[in-house]
Amino acid sequence: MAARAGFTSALAAELAADVLERFLRYVRVDTQAAYRVTGRPSTEKQLDLSRMLVAELRASGLEDAELNEGLSVFATLPGDVDAPVVGLISHVDTTPDVPGGGVAPIVHEGWAGEPIVLPGDPRQVLDPSRLPALAKRVGHDIVTSDGTTLLGADDKAGIAEIMAAVAYLAAHPERPRAPIRVAFTVDEEVGRGAEAFDLDEFGADVAYTLDGADLGELEIETFSAKSIRVTIRGHSVHPGTAKGKLVNAVKLAADLVASLPRDRLSPETTEDREGYIHPHRISGGTEETVVEFIARDHDDELLEEHVALVRTLAEQVEQREPRAHVEVEVRDNYRNMRRFIDENPRVVEAALEAIRRAGVEPTLAITRGGTDGAVLSSQGLPTPNLFTGGQEYHSVREWASVQDMAAAAATIVELAGVWAES
Ligand SMILES: [Zn+2]
């Protein structure tokens with residue numbers, strides 16, 4: 001590839017064409033997950049990409065590549081030194097929140113800095129005056145969808161980067177490298193990515209999800225998360241004869257939601273490490289109404305306080321209307337991975353060094369969400385989240401810089417080298 005703008009290292013420039021070719025191929029495969037499906041995978045079509053990846057991994061020389069019973073693709077790239085086994089993880093599925101089928105990627109080569117109007121829906125414009133990350137990437141090759149679907153950089157950028165990196169490592173046996181284990185999971189976007197993930201079979205000592213965003217970022221903190229389900233049982237009576245008898249669960253549920261703080265503790269009023277209580281779904285009728293909340297915080301004690309607040313507000317509903325019956329159920333979703341990662345500082349140091357060797361200034365970041373890595377970290381496999389170069393996730397304006405994706409692939413190659421030295 002000619003000397004185009006923005007490549008962070010010679011290795012990144014060398015990997016760019018392969019990363020892009022793979023990325024354009026993978027995003028065309030519809031792998032949209034679905035909510036509220038009890039079976040797994042939530043959609044069979046996710047496995048179309050999984051099977052494609054198994055074949056490609058084998059073609060690259062990772063001969064044991066397989067789609068296993070936990071519905072993850074696992075594969076091994078043996079190391080040539082006795083070093084910790086490094087896991088690399090991405091997810092094949094895309095979010096159900098935005099149309100995800102029939103993705104038609106567009107490469108805006110050597111983007112000159114003008115607003116990018118997406119041709120499939122000209123109302124969708126990527127305006128650099130509103131997107132600071134985009135504004136910094138004049139001269140890059142920018143990949144978008146046509147504006148009618150998501151792009152799928154979340155997380156096919158991560159997949160393309162891992163695939164290109166392991167293919168490169170397999171073709172360059174002269175480079176010292178730690179043993180690598182690859183995993184591509186399903187249903188991450190519906191919160192079930194780490195389900196049935198067999199850590200023993202995976203056999204990694206440390207791991208990284210490739211599921212982050214901005215160039216050079218390593219995410220080492222997630223939220224801790226719980227879900228809360230409040231069931232309000234009233235007493236339904238025909239409205240014609242309801243006087244003094246009807247207890248309307250719909251109104252009680254509305255009171256409960258209205259009693260939440262207005263100017264704090266919500267996703268729309270908080271940032272950075274601030275947590276929240278987020279009512280995201282109400283269903284039911286006069287007899288019974290269910291309000292579903294998610295509670296999030298980086299601090300486990302504050303998270304408990306958020307849960308306690310919902311319990312208190314729910315009790316107050318019952319106090320105001322003793323004929324109603326209110327039930328609160330709380331479920332753990334995932335925990336902030338920071339404490340588990342802090343127990344193994346080398347996992348962070350090695351990644352920061354690999355990012356530097358790829359020609360990028362690394363930064364530590366927090367995420368206001370969860371990752372597969374948060375679940376795996378709490379189960380004993382420290383798994384911070386590396387950048388992929390994708391941006392504006394879960395929208396039809398999702399975009400990715402080829403130069404940043406190449407930097408991520410180069411980071412993975414360097415990471416194998418850094419771990420080989422330990
Ligand atoms: Zn993702």
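The first residue in the sequence is number 1, and the count goes up from there. Just follow the structure's listing: the first ligand is 1, and inside any ligand the first atom is 1. The model shown is predicted, which means the values in this text are computed figures rather than measured ones. In what follows, every heavy atom counts, from backbone to side chain, and hydrogens, waters and symmetry copies are set aside.
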For a distance under 2.8 Å, give residue and atom name for each protein N, O or S atom next to the Zn ion (ligand 1). H91 NE2, D154 OD1, D211 OD1, D211 OD2
Which value, rounded to the nearest 0.5 Å, describes the distance between D97 atom CG and Q32 atom CD? 8.5 Å
State which residue, out of I89, L376, N68, fulfils the side-chain contact (heavy atoms from CB on, under 4.5 Å) condition with F202. I89
Contact between Y276 and E268 at the side-chain level, heavy atoms closer than 4.5 Å - yes or no? no
Under a 4.0 Å N-O cut-off, is there an ion pair linking R36 with E292? no
Could you give the side-chain donor-acceptor pairs of residues 71-84 under 3.5 Å, partners two or more places apart or in another chain?
{"residue": "T76", "atom": "OG1", "partner": "D64", "partner atom": "OD2", "Å": "2.5"}
{"residue": "T76", "atom": "OG1", "partner": "R181", "partner atom": "NH1", "Å": "2.8"}
{"residue": "D80", "atom": "OD1", "partner": "R177", "partner atom": "N", "Å": "2.9"}

Any side-chain heavy-atom pair from L256 and F293 closer than 4.5 angstrom? yes
